Structures are given as structure tokens and as C-alpha cells.
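Reviewing the structure listed below.
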Amino acid sequence: MKRRNFIRKTGIAGAALSTVPSLFSKPIINEMSITNKYPVAVATWNFQNATKMAGSILEQGGSALDAVEKGVMVEEANLKNTTVGNGGAPDRDGNVTLDACIMSPDGNAGSVVYLKEIEHPVSVARKVMEETPHVMLAGEGALQFAIQQGFKKKNLLTKESERAWKEWLEHKEYKPIINIENHDTIGMLCLDEKGDIAGACTTSGLSYKINGRVGDSPIIGAGLFLDNKVGGAVGTGMGEAIMKSVGSFLIVELMRQGKTPQEACEEAVDRCVNQNQNYKDFQVAYIAMNKQGEIGSYCIHKGFSYARFHDGESTNNQSDSYLDS
Ligand code: ASP
């Protein structure tokens with residue numbers, strides 16, 4: 001058993017540590033304070049299967065980077081989730097096009113946009129980050145790169161998504177559905193046992209979008225941003241509003257200036273509200289986590305929640321909102 005787990009499980013901390021010689025007491029007490037906070041996984045919406053996967057990797061001593069990748073892959077593979085990965089809703093022409101990005105604690109980043117026929121765009125984004133000098137690959141080039149890296153093509157349009165799309169074609173009404181079926185883009189932040197933070201974000205974007213549309217989710221600074229000295233943030237909802245205010249970057253910079261994750265999320269949502277007269281017509285939601293493992297969350301409309309895995313416990317947490325409905 002690792003020492004930190006031993007200390008946690010036996011509960012001997014306070015009394016025993018107060019008697020150890022001063023030469024040793026400082027590092028041990030520091031480790032105890034870390035034990036209370038790390039590791040932790042948080043994700044947009046009630047994606048507890050994803051945070052549990054990430055949490056199990058973190059609890060075995062895995063890195064935050066591995067945890068966010070494997071965590072969001074759970075939803076990319078989930079056929080019931082019609083807004084991420086395989087089974088994602090298509091654009092108005094019937095194409096399933098995926099957007100994803102990933103950031104590592106060293107500040108490196110990778111992203112793919114308008115990627116077709118690959119079930120796990122987040123893993124392609126990680127390859128872009130690790131195997132190329134670039135940050136973002138798009139469309140045909142991203143697909144070609146994925147195949148070169150050994151990814152297999154797959155039809156991502158399920159019968160259910162195709163049926164729903166065909167029903168949509170009958171009216172062709174293009175309007176965002178707030179808190180769509182209560183699941184949406186997955187953005188995840190993990191703090192590993194070393195206290196390093198990583199993040200990932202992956203989506204099929206807005207259902208029935210115009211062919212070629214790319215949202216905030218794969219844009220570093222919009223759908224995801226982190227700084228390993230400060231913390232990280234992820235967004236979900238109307239990507240255009242998040243992009244126009246560079247929401248995740250804004251939140252991290254506000255935390256750098258001393259705001260709590262909660263205050264920073266609230267200010268970023270205020271920014272969207274002030275920039276968009278029609279803010280009542282769409283949802284924007286953020287979660288943020290600082291280096292101490294403190295979490296904040298805020299959204300425009302009620303109904304957004306985030307999943308958290310910490311200390312063996314998985315929870316779904318309702319977010320406060322700007323509007324009461
Ligand atoms: N932010 C995503 C996008 O605009 C969609 C969502 O999270 O609902 O593509």
C-alpha cells in the first residue's frame with residue numbers, strides 16, 4: 001500500500017504526525033494536505049462513468065493526461081450519447097463531424113476539428129500534440145493523419161441518429177435546445193497525485209449545424225484551457241458565445257489574478273450574457289478547478305451539473321445559474 005493511502009486508510013495522521021521530529025514533519029504534513037485534495041477528476045454534465053474511469057486511473061497513480069484521455073473516451077464510445085463521438089448527431093447534410101482537444105500539464109496542446117469516421121478524436125488530438133510540431137489538424141488532413149497513426153475508420157452515424165436527423169429534415173428548424181437531453185459535450189479536468197493538471201474536451205458539436213461549422217470545444221482557450229501553475233477550465237453549450245469571449249482562457253487568467261474557481265466561472269458567464277442580447281436562448285456552462293483541487297461551476301440556465309470523482313466517491317453536482325430557469 002502506498003504511504004499516502006496507508007495514512008488515509010489508517011487515519012493515524014494528526015496525532016502521530018504531531019510527534020515526529022521537526023526535521024521530518026514539514027514534508028509529511030505537506031503530503032497530508034495533498035492527500036485530502038488529489039487526485040480528483042471533474043467533467044461537464046453527469047458523466048460519472050467517465051469521471052469514474054479517470055478516477056480509477058488516477059487512484060492507481062496514473063497521470064492526469066492519461067486519465068482525461070481515457071475518461072472522455074468512455075463518452076466517445078457511448079452510443080446513447082448523441083452529442084459526443086460515435087452516435088453523435090450529424091450536421092444538416094448527414095455528416096458526423098467531431099471536434100476534440102487535449103492539454104497536458106507542460107502546457108502542450110493538440111486538437112482536431114471536423115474529423116469524420118474516427119471514434120476517438122481525443123486520442124487523435126493527443127497524437128497531434130505528441131507526434132507533430134502542430135496544435136490543430138482539420139478535416140481530410142486530420143483523417144489522413146489519424147489513419148497513418150493506426151486509427152481505424154468507422155461509420156459513426158447510428159440508425160437512431162440517422163432517424164432523428166431525417167425527422168429534423170422535415171422541419172429544418174435550427175435552434176439550440178437548452179440542456180439537450182441533459183448530456184452534451186464532455187470537458188474534463190484531472191489533478192493527479194503529483195498535483196499536475198490536464199484537460200480534454202470532445203464533442204460532435206451542435207446537432208444539425210451547417211456543414212463545416214466548428215465550435216469552441218477543440219479551440220484551446222475557448223472550450224478548454226489550463227495552466228499547471230494555476231488550474232484549468234472547460235466549457236459546454238453554445239460554442240459561438242464561448243469562442244467570442246475565449247471563456248476557458250478568461251477563467252484561468254481570472255484565477256491567476258486571485259479569483260476562486262467559482263468567481264471566475266461567474267465572471268465568464270456574465271461576459272457571455274453581456275456580449276449576447278439573445279443569451280436567454282442558449283446555454284453556456286463552465287467548470288473550473290484550481291491547483292488546490294477546488295472546483296467552481298456556473299451556467300446561464302438552470303439544469304447544468306458536473307460529475308466529480310474524489311477519494312473513491314463519485315458525485316453529480318448541480319451548478320448555480322445566472323437565470324432561475
Ligand atoms: N460547445 C459545443 C459546440 O458548440 C456544443 C455543446 O457543448 O453543447 O460545439
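Read the numbers this way: they start at 1 and go in the same order the structure lists the ligands and their atoms. Owing to the predicted nature of the structure, the values given are computational and were not obtained by experimental measurement. Side chains are part of it too, since the values below use all heavy atoms of this structure and drop only hydrogens, waters and symmetry mates.
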Exercise. Consider every N or O of Met238 and every N or O of ligand 1, then say whether any pair is closer than 3.5 Å.
Key: no
Quiz item: Counting only N and O atoms by type, is there a donor-acceptor contact under 3.5 Å from the side chain of Asp106 to the main-chain atoms of Asn108?
Solution: yes
Exercise. Give the intermediate values and the outcome of ring-ring contact (aromatic ring centres under 6.0 Å, His included) for residues Tyr306 and Trp45.
Key: CA-CA 4 Å; Tyr306 66 90; Trp45 304 105; over 10 Å; no
Exercise. Any atoms of ligand 1 less than 4.0 Å from a non-hydrogen atom of Thr185? List them with their elements.
Key: 1 (N), 2 (C), 5 (C), 6 (C), 7 (O), 8 (O)
Practice problem: Can you sort out the partners of Glu119 under side chain to side chain donor-acceptor pair (under 3.5 Å), two or more places apart, ordered by chain and number? | Solution: Asn86, Lys154
Self-check item: Contacting atoms of ligand 1, where contact means under 4.0 angstrom from a heavy atom of Leu206
Solution: 9 (O)
Quiz item: So does Met53 have more than 12 non-hydrogen atoms from other groups sitting under 6.0 Å from CE?
Solution: no
Practice problem: Identify, by atom number and element, the atoms of ligand 1 in contact range of Ser217, meaning under 4.0 Å from any of its heavy atoms. | Solution: 1 (N), 2 (C)
Quiz item: Atoms of ligand 1 less than 4.0 Å from Gly205 heavy atoms?
Solution: 9 (O)
Quiz item: Among the heavy atoms of Arg213, does any lie under 4.0 Å from an atom of ligand 1?
Solution: yes
Quiz item: When you measure from atom 3 (C) of ligand 1 to each heavy atom in Val284, Thr202, Thr236, Asp216, which option holds the nearest one?
Solution: Asp216
Quiz item: Who's closest to atom 2 (C) of ligand 1 heavy-atom-wise, of Gly237, Ala241, Ala285?
Solution: Gly237
Quiz item: Of Gln149, Glu131, Glu69, His120, which meets side-chain hydrogen bond (donor to acceptor under 3.5 Å, both in side chains) against Arg126?
Solution: Glu69
Quiz item: Counting only N and O atoms by type, is there a donor-acceptor contact under 3.5 Å from the side chain of Thr44 to the main-chain atoms of Gly187?
Solution: yes
